[in-house]
Asks: 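Dumping the structure here so I can ask a few things about it.
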Amino acid sequence: MSNVFNIADRPGRDTRLLDQARDAAIPPLVDAFAMALGRFDDALFDRAERAGPSQMAFLDAMRELRRRREDIVVRFRAHLQRAWKALQEGQPLSMETAFAQGADDTLTLVTDQELESRLAVRNLASVIQRDCKPVLLRLDRRLGWIAGDVALDSDLNPIGPEHIGVAVHQAFSACDLTPEVRLVVIKLCERDLVPAIARIYAALDQRLGGGTAPEPAARRASRPEAARELEDLIADEEPGAPAWAARFLNRMAGVNRGLQAAHAGAQSPGFGDVSPGYASAPGAQGVLLEALHHLLQESRRGRDVQDEAPRPAHPQRELSQREMLSVLSLLQSAPSATLRAAIGDTGESLSQRLKNEVLSSAMQLGVDPATARLAPVDEDAIDLVGMLFDVMLDERDLEGRPRELIGRLVVPFVKVALLDRRMFVQKTHPARRLLNVLAEACEGNNGESAAERTLLTKVEEVIDRLVAEFNENLAIFLTLEEEFRAFLEQHRRRIEIAERRAAEIQRGQERLEAARTRMAAELDERLADRRVPQAIEDFLRQPWAHHVTMTVLREGEEGEGLRESLALADGLLEELTEAQRHVIGKPWLQAWRPALLKVFASVGLNQDAAGGAVDALHDTLQAVAAARPDLEKALPELPQVVLPKPAVDEEATPIQLVGGADTLDFDHSDADHFRGLPIGTWLDFIDKDNKVQAGKLSWVSPISSRLLFVNRRGVRFCVASPEELAAMVRLGRLRTHQSEDAFDSAMQGVIERLEPTPSAGIPS
């Protein structure tokens with residue numbers, strides 16, 4: 001089963017242009033890398049002369065690079081080709097996935113040397129991004145369009161800065177270089193390779209400019225002007241902008257106009273006027289943060305009107321950032337009982353509880369809570385993090401220990417938000433990447449299997465380290481995320497095995513159901529409205545029914561074995577009809593005896609017992625012919641016939657669906673949509689408590705056309721027909737999967753909770 005779905009039919013896809021783009025980009029990039037590699041000798045020799053005790057390391061590196069030059073270039077080329085192939089298949093490869101899989105597709109814990117190399121090539125990628133930003137933006141759009149309207153950014157573009165960095169990392173991964181020399185070599189790539197890359201990008205952009213850009217531009221022209229301008233700003237300033245920002249664009253334009261109308265003459269700045277605390281964020285990020293700030297202001301204003309809280313009797317001062325971080329460090333190492341209780345309580349607002357805890361804990365620093373208040377930007381940070389975790393804990397399948405583990409991250413993430421607010425608007429931020437992989441490991445993980453318990457133990461180790469070691473240095477998030485992602489990749493392989501097992505189980509169950517249905521139909525056709533002796537009815541309903549079912553399972557419905565079994569039943573009933581005409585002296589069942597013995601043997605009777613059973617049928621027919629019911633014989637005791645039970649995954653918790661398709665209320669267009677749903681598609685299933693569980697379409701039955709969905713552990717949890725799924729849509733229990741990114745999905749939920757209402761004076 002593949003996750004690639006009808007990529008050839010996607011709008012804008014042009015295989016010819018895609019091949020031309022590949023040929024115009026990858027060979028020149030490889031040549032540029034090879035030429036740069038050839039100039040490393042002189043640079044390394046110069047370094048060796050100044051290296052002192054490390055001189056031999058640089059001289060050895062010169063020999064190593066000469067000796068392995070061809071292999072280095074091959075490895076560089078191999079990664080770019082692999083990344084391009086992923087784009088052609090409609091599944092662009094991210095930098096993180098490439099790092100996780102490694103050059104030789106093995107999985108190991110990340111060494112310090114490996115981590116340093118990855119950080120160095122990330123820096124190389126950022127230099128390329130900085131120098132080539134405008135042309136890369138156009139290449140992302142144009143390549144994405146000709147690849148089939150695929151959304152590309154700096155992380156997914158196969159020839160973009162991130163993949164150039166991975167290719168450089170892979171190129172030197174097999175070389176015997178000291179850590180110091182390896183970093184120097186990567187730095188030399190920055191000096192000698194980046195100018196050539198810029199020229200290659202420009203040439204490719206010029207080549208593609210003739211035919212691929214108009215269609216995406218035409219689609220964008222349908223957006224409101226303000227939203228288009230903001231989208232351009234986000235794309236120009238931060239190609240890795242989060243997915244929630246794109247969904248936020250139109251709403252932001254309307255909110256800005258509403259704010260300006262509602263607060264004309266007031267001191268509320270528009271999106272173009274950045275509030276204090278956001279000026280450090282670059283262009284688009286600052287705009288997004290400012291928009292969030294306004295939404296939070298309006299939300300608080302609405303609550304204040306409802307609560308009518310009394311004004312404080314004493315003047316209040318804002319807690320400084322140093323005081324805030326000190327208080328949060330105390331809560332991080334020793335969270336209060338009330339905060340832990342709030343994490344487990346779905347009815348209490350985490351953000352409000354956090355703000356109360358911060359102010360009350362400030363007493364330990366000698367601050368009187370009655371005379372202190374939070375700075376607006378700090379309150380924003382706490383509100384956003386609190387609401388983010390509220391949404392995540394409410395909507396995702398996090399119960400028991402997983403909920404407790406994720407909840408322990410709340411305070412560290414408030415600290416991150418205070419130190420670097422870009423976390424909310426930068427999808428490559430290390431803190432959100434760590435939260436994403438931890439949420440993936442915890443979601444739906446109830447510790448039912450040994451593998452799940454091991455995964456939860458690893459999550460706990462990571463969180464323990466984060467709580468113990470995170471002060472104000474965000475590097476700990478990158479280190480922990482790199483290590484945990486490698487571990488999680490091994491778990492994903494076990495999930496793939498579980499998913500295949502779920503599909504095989506379902507396939508076997510459906511084949512058994514189909515075989516039973518065929519058997520029942522054949523049996524009903526022969527016995528409907530007909531009275532037959534007990535021995536013959538017992539034979540047809542037990543040994544013969546079992547034999548037919550197993551024959552259909554083994555050979556299918558068109559096999560010779562089924563035809564022979566049906567002929568046996570028909571022959572037996574024909575002889576019964578003849579006996580009912582009182583024909584005397586006929587050797588009953590003589591022609592069918594071998595077939596009858598075969599059927600009785602198939603249910604476990606030995607040769608003698610099978611012969612006795614056939615004799616009982618013979619004597620019964622003879623009694624019918626003689627009109628002597630008292631002489632009819634019963635079949636000997638038969639072994640208990642046990643058909644294979646429907647294979648059910650004990651771990652599965654199937655979603656309970658409504659009744660048969662005839663009584664369902666659904667939209668036929670929705671049902672048609674599900675009939676064409678590609679394998680690998682994720683949907684969000686919503687239970688009666690509004691808990692959301694993501695399900696992946698793993699298999700479609702060729703027998704019943706039912707769709708099998710597995711959860712994130714690869715376990716079957718829903719099997720439904722297209723009509724049943726369409727009915728679930730109408731009932732509000734099924735929707736398009738919003739995001740694979742837990743952080744992004746939760747941020748979208750935060751935006752929906754903050755969405756202004758008419759009562760707040762802002763258009764909804």
Side-chain angles (χ1 to χ4, degrees), residues 26-27 29-83 93 95-128 161-194 196-197 475 478-479 481-487 489-490:
I26 293 182
L29 286 171
V30 174
D31 292 342
F33 177 72
M35 291 181 64
L37 186 61
R39 294 193 289 270
F40 287 2
D41 256 12
D42 292 341
L44 291 174
F45 185 78
D46 291 341
R47 291 285 184 130
E49 290 184 331
R50 306 191 303 270
S54 303
Q55 184 181 64
M56 286 306 300
F58 284 94
L59 296 176
D60 290 342
M62 292 168 59
R63 288 189 291 271
E64 177 75 356
L65 294 183
R66 287 196 208 107
R67 183 175 68 87
R68 306 197 63 136
R69 177 187 176 89
E70 184 176 345
D71 178 59
I72 292 170
V73 175
V74 166
R75 284 174 171 269
F76 181 87
R77 180 193 298 114
H79 176 73
L80 294 184
Q81 290 174 335
R82 175 182 169 215
L93 190 68
M95 184 185 200
E96 300 307 328
T97 302
F99 273 149
Q101 293 176 351
D104 52 2
D105 214 25
T106 59
L107 291 170
T108 57
L109 291 177
V110 179
T111 63
D112 290 341
Q113 180 173 321
E114 171 85 358
L115 183 58
E116 288 179 358
S117 174
R118 294 185 183 187
L119 291 173
V121 297
R122 287 181 193 276
N123 186 64
L124 170 64
S126 68
V127 172
I128 300 172
E162 308 284 9
H163 280 292
I164 295 290
V166 176
V168 169
H169 171 79
Q170 305 287 34
F172 297 113
S173 62
C175 294
D176 185 14
L177 304 174
T178 66
E180 179 186 4
V181 173
R182 189 179 299 273
L183 297 182
V184 169
V185 167
I186 295 173
K187 192 67 176 177
L188 289 174
C189 287
E190 181 181 317
R191 185 195 70 180
D192 296 336
L193 187 57
V194 173
I197 290 174
L478 180 61
T479 301
E481 188 264 344
E482 291 271 10
E483 293 177 2
F484 186 73
R485 189 178 291 276
F487 182 88
E489 205 59 41
Q490 301 176 46

Asks: Got a second to check how far Ile197's CD1 is from Ile164's CD1, nearest 0.5 Å?
Replies: 4.5 Å

Asks: Please name all residues satisfying side-chain hydrogen bond (donor to acceptor under 3.5 Å, both in side chains) with Arg122, sequence neighbours left out, ordered by chain then number.
Replies: Glu96, Glu482

Asks: Which heavy atom of Phe40 sits nearest a heavy atom of Leu65, and at what distance?
Replies: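 What the structure gives for the nearest pair is CD2-CD1, 4.2 Å.
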
Asks: Once side-chain hydrogen bond (donor to acceptor under 3.5 Å, both in side chains) is applied, do any residues pair with Arg39, and if so which ones, sequence neighbours excluded?
Replies: none

Asks: By the definition side-chain contact (heavy atoms from CB on, under 4.5 Å), identify the one residue from Leu478, Thr479, Leu124 that meets it with Leu119.
Replies: Leu478

Asks: Do the side chains of Leu80 and Arg77 get nearer than 4.5 Å, heavy atoms only?
Replies: no

Asks: Going by the rule side-chain hydrogen bond (donor to acceptor under 3.5 Å, both in side chains), which residues pair with Arg63 if we only count those two or more places apart in sequence or in a different chain?
Replies: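 Counting only residues at least two positions away or on another chain, Arg63 forms a side-chain hydrogen bond (donor to acceptor under 3.5 Å, both in side chains) with Asp60.
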
Asks: Just by distance, do the side chain of Arg47 and the backbone of Val181 share a donor-acceptor pair under 3.5 Å?
Replies: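 No, because the side chain of Arg47 does not come within donor-acceptor range (under 3.5 Å) of the backbone of Val181.
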
Asks: Holding to side-chain contact (heavy atoms from CB on, under 4.5 Å), I want the full list of residues that pass it with Asp31, two or more places apart in sequence or in another chain.
Replies: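 Asp31 satisfies side-chain contact (heavy atoms from CB on, under 4.5 Å) with no other residue.
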
Asks: Can you tell me if Glu49 has over 12 outside heavy atoms packed within less than 6.0 Å of its CD?
Replies: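 Above 12, so yes.
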
Asks: Tell me, please, which residues at least two apart from Pro27 pass side-chain contact (heavy atoms from CB on, under 4.5 Å).
Replies: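 Pro27 satisfies side-chain contact (heavy atoms from CB on, under 4.5 Å) with no residue once adjacent residues are dropped.
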
Asks: Please name all residues satisfying side-chain contact (heavy atoms from CB on, under 4.5 Å) with Ala78, sequence neighbours left out, ordered by chain then number.
Replies: none

